[in-house]
**Q** 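First the structure, which I've put down as structure tokens, then a few questions once you've had a look.
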Amino acid sequence: MGDKLTVAVIGCGDFARNFVGLFKAHPFVKKVYVCDRIKSRAEEYSRKFQVETIDSFEEALKRKDIQAVAIFAQRHLHGPLVISALKAGKHVYSAVPMASEVEECGEIVDLVKHTGLTYMMGETCYYYPSSMFCRQQYQIGAFGKFVYGESQYHHDISHFPANFLADKRSAGVPPFFYPTHSTAMILAAADSYVKKVVAFGYEDQEHDGIFEKGINQWDNIFSNGYSMMMLANGGTARVNECRRIGYKAPSSYVSAFYGTEGSYQFHNAQHLMTRKTEKGVLLRDVSAEVNPEEMTRHQNEPDFMERVANHEWQGDYFSPIQEMERKRLPETYLGMENGHMASHQFLIDDFCSAAFNGRQPVVNAWKAARYTVPGLIAHQSMMKGGITLEVPDFGDYV
């Protein structure tokens, strides 16, 4: 256990504003700085959250009074920024993904291993109710041996922030470079990792300057990616990353999870669990356990299904399946905003508690690599016409 943390938040875009207040309110944090290359953004954050600004990422790394950095920069910059921060002796919280290169993921794992610094990837979907339910049921043996599962991140590009879409060099990032909202759910629930992957892509046909050669920095033409992943436990997972798809919510979810003894199926607002018997199956509707409590209160209203499909009740509201985790949150978080299926508070508490106590969080560097690398290899498979590829593994935290 060390001194309270001073945290520098790097990147003051749309997403980071959900987290500055949570860092500031955590009992293991004494001070928060904000930083952005666009000074006006940092100044806006400074006024909104009553925190000080810092001029640059490089200055944050030099400052001995700053023990940790929280990286919310553009997703393809995460790997290099994390590596620099760890080399400078800082604990690191990073938004997803871990990195855009397999070698960067490996270097981050090695740095954490040799320095003992705390690293965490802030994967919201680790705490999504559908993943938590499957994880808990699998751990108690309700599924038997894992056989097959499906997870996906269906997020149409039209729903992305305007400033993201305005950056044509970065908006067309390959879908499988941002895989963890899909992979984390299924791999955490199945308690396994990926050994092989095969994937196919949808060549975008909109010609709007996003997924086009010569425009985005990857010359990426794929807006959707679909993969089959062979897991180390013998099971198989179908994982999708889609950015041109007529769908909104829930954008990330486990739609199916099957074992030798039981199964889980979900769509929109209905969650079903079956258990094999000698004569068939026992079926249980577990929707009230998995859906946010506020959602359940509206389930008999005529427009309920449409409101679910348009992302209502999927931000701040906790689900019953999250109740045990909710009990460990600091009292200072009561009444504070949350987000992404009530995952934000869990994530910041995970990191601050781990860094303060000198340990690794649940979504540590080893898990982050196992959630990120399969997507990077899936993109390679797509680029090669759908060949099966081995997925490098950097081991597990011990």
Side-chain angles (χ1 to χ4, degrees), residues 1-36 42 44-54 57 60-61 63-73 78 81-82 85-86 89-96 112 116-128 132 315-318 322-365 367-368:
M1 185 178 295
D3 297 330
K4 286 189 176 183
L5 304 167
T6 295
V7 180
V9 174
I10 309 300
C12 300
D14 291 322
F15 189 54
R17 71 178 65 249
N18 297 294
F19 297 92
V20 176
L22 294 176
F23 275 115
K24 186 179 176 183
H26 199 280
F28 294 156
V29 174
K30 63 182 176 183
K31 191 168 185 177
V32 175
Y33 290 97
V34 292
C35 172
D36 197 284
E44 183 223 330
Y45 268 47
S46 177
R47 292 189 296 269
K48 178 178 176 61
F49 298 106
Q50 296 297 296
V51 296
E52 295 180 36
T53 63
I54 194 166
F57 174 65
L61 298 192
R63 290 270 295 268
K64 295 188 182 300
D65 61 318
I66 295 175
Q67 296 83 33
V69 296
I71 294 173
F72 293 95
H78 293 177
L81 293 177
V82 169
L86 290 170
K90 308 299 183 185
H91 302 299
V92 179
Y93 177 96
S94 174
V96 299
V112 174
L117 291 164
T118 298
Y119 166 89
M120 177 175 163
M121 184 180 72
E123 179 44 66
T124 56
C125 294
Y126 183 86
Y127 288 112
Y128 268 36
M132 292 181 71
D316 292 345
Y317 303 110
F318 287 101
Q322 297 171 312
E323 196 59 36
M324 286 301 295
E325 292 285 348
R326 187 179 180 182
K327 290 178 181 178
R328 50 91 164 175
L329 293 174
E331 291 183 4
T332 50
Y333 279 6
L334 286 173
M336 291 193 68
E337 65 180 358
N338 212 334
H340 282 90
M341 300 296 275
S343 64
H344 292 179
Q345 293 183 10
F346 295 136
L347 295 175
I348 303 307
D349 181 56
D350 280 353
F351 174 74
C352 294
S353 298
F356 179 75
N357 289 295
R359 54 178 172 77
Q360 297 302 324
V362 174
V363 187
N364 53 54
K367 278 204 172 80

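Predicted model only: the values in this text are computed from it and were never measured.
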**Q** Roughly how far apart are Lys64 NZ and Lys90 NZ, rounded to 0.5 Å?
**A**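 The NZ atom of Lys90 is 7.5 Å from NZ of Lys64, to the nearest 0.5 Å.
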**Q** For the pair Ser94 (side chain) and Met121 (backbone), establish whether a donor and an acceptor sit closer than 3.5 Å, ignoring hydrogens and angles.
**A**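 No; zero donor-acceptor contacts below 3.5 Å.
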**Q** Parallel, tilted or perpendicular, judged at 30° and 60°: which one describes the rings of Tyr93 and Phe351?
**A**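 The arrangement is perpendicular - the two ring planes meet at more than 60°.
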**Q** Tell me if a side-chain donor or acceptor on Gln67 pairs with a main-chain N or O of Thr6 at a distance below 3.5 Å.
**A**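 It does hold such a pair.
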**Q** How long is the gap from OH on Tyr126 to NZ on Lys367, to the nearest 0.5 Å?
**A**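 Rounded to the nearest 0.5 Å, the OH-NZ separation comes out at 5.5 Å.
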**Q** If you take all heavy atoms of Asp316 and Glu337, which pair is closest and at what distance?
**A**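 For Asp316 versus Glu337, the nearest heavy atoms are OD1-C, 4.1 Å.
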**Q** Can you check whether Leu22's main-chain N or O pairs, donor with acceptor, with Tyr333's side chain at less than 3.5 Å?
**A**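 Answer holds: yes.
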**Q** Is the shortest heavy-atom distance from the side chain of Leu334 to the side chain of Gln345 under 4.5 Å?
**A**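 Leu334 does not reach Gln345 side chain to side chain.
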**Q** Evaluate the side chain to side chain contact (heavy atoms under 4.5 Å, CB included) criterion for residues Phe19 and Val9: first the C-alpha distance (whole Å), next the side-chain angles of each, then the deciding distance (0.1 Å), finally the verdict.
**A** CA-CA 9 Å; Phe19 297 92; Val9 174; over 6 Å; no
**Q** Examine distances only and state if a side-chain atom of Ser46 and a backbone atom of Val51 form a donor-acceptor pair shorter than 3.5 Å.
**A**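 Yes; judged by distance alone, with no hydrogens or angles, the pair exists.
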**Q** Mark yes or no for whether Ser343, through its side chain, and Tyr127, through its backbone, hold a donor-acceptor pair below 3.5 Å.
**A**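 No.
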**Q** On the 0 to 90° scale, with breaks at 30° and 60°, tag the His344-Phe15 ring pair as parallel, tilted or perpendicular.
**A**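 Correct class here is perpendicular.
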**Q** Side chain of Lys24, backbone of Gln50: donor and acceptor closer than 3.5 Å?
**A**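 Side chain of Lys24 to backbone of Gln50, a donor-acceptor pair under 3.5 Å: yes, one is there.
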**Q** What's the separation between atom CD in Gln322 and atom CG in Leu329, rounded to the nearest 0.5 Å?
**A**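 Gln322 CD to Leu329 CG: 9.5 Å, rounded to 0.5 Å.
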**Q** Using a strict 4.0 Å threshold on nitrogen-to-oxygen distance, state whether Arg326 and Asp349 make a salt bridge.
**A**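 Here Arg326 does not pair with Asp349 in a salt bridge, since their nearest N and O are not under 4.0 Å apart.
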**Q** Tell me whether the count of non-hydrogen atoms from other residues, nucleotides or ligands lying under 6.0 Å of NZ in Lys30 goes above 12.
**A**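 More than 12 heavy atoms, drawn from other residues, nucleotides or ligands, come within 6.0 Å of this atom.
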**Q** Within the distance-only criterion (no hydrogens, no angle test), does the side chain of Tyr45 pair as donor or acceptor with the backbone N or O of Gly13 below 3.5 angstrom?
**A**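 Pair found, side chain donor or acceptor close to backbone of Gly13.
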**Q** What are the two closest heavy atoms between Ala16 and Cys12, and how far apart are they?
**A**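 Nearest heavy atoms, Ala16 then Cys12: CB-CA, 4.4 Å.
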**Q** Could you measure the distance from the CG atom of Asn18 to the CD1 atom of Ile348? Nearest 0.5 Å is fine.
**A**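 Result: 10.0 Å between the selected atoms.
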**Q** For Ala25 versus Met336, what's the shortest heavy-atom pair and its separation?
**A**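 Closest heavy-atom pair between Ala25 and Met336: CB-SD, 3.5 Å.
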**Q** Given side chains that start at C-beta, do those of Val32 and Phe49 come closer than 4.5 Å, heavy atoms only?
**A**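 No - every pair of side-chain heavy atoms lies 4.5 Å or more apart.
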**Q** In sequence, state the C-alpha distance, the side-chain angles, and the governing distance for Val34 and Val20, and then conclude on side chain to side chain contact (heavy atoms under 4.5 Å, CB included).
**A** CA-CA 8 Å; Val34 292; Val20 176; 4.2 Å; yes
**Q** Any idea which heavy atoms bring Val92 and Ala85 closest together, and the distance?
**A**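 Scanning both residues completely, I find the closest heavy atoms to be CG2-CB, 3.6 Å.
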**Q** Any Lys/Arg nitrogen of Arg17 or Glu44 sitting under 4.0 Å from an Asp/Glu carboxylate oxygen of the other?
**A**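 Yes.
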**Q** Locate the shortest heavy-atom distance separating Phe318 from Asn338; write the atom from each residue and the value.
**A**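 Closest approach of Phe318 to Asn338: CZ-ND2, 3.3 Å.
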**Q** Distance from Cys352 atom SG to His91 atom NE2, nearest 0.5 Å?
**A**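 NE2 of His91 is found 11.0 Å from SG of Cys352.
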**Q** Quick one, Ile66 with Tyr33, criterion side chain to side chain contact (heavy atoms under 4.5 Å, CB included). Give me CA distance, side-chain angles, the key distance, then yes/no.
**A** CA-CA 9 Å; Ile66 295 175; Tyr33 290 97; 4.0 Å; yes
**Q** Ignoring hydrogens, what is the shortest heavy-atom contact between His26 and Thr332? Give both atom names and the distance.
**A**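 Scanning both residues, the minimum pair turns out to be CA-OG1, 4.5 Å.
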**Q** How long is the gap from CE on Met341 to SG on Cys125, to the nearest 0.5 Å?
**A**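 Between Met341 CE and Cys125 SG, I get 9.0 Å after rounding to 0.5 Å.
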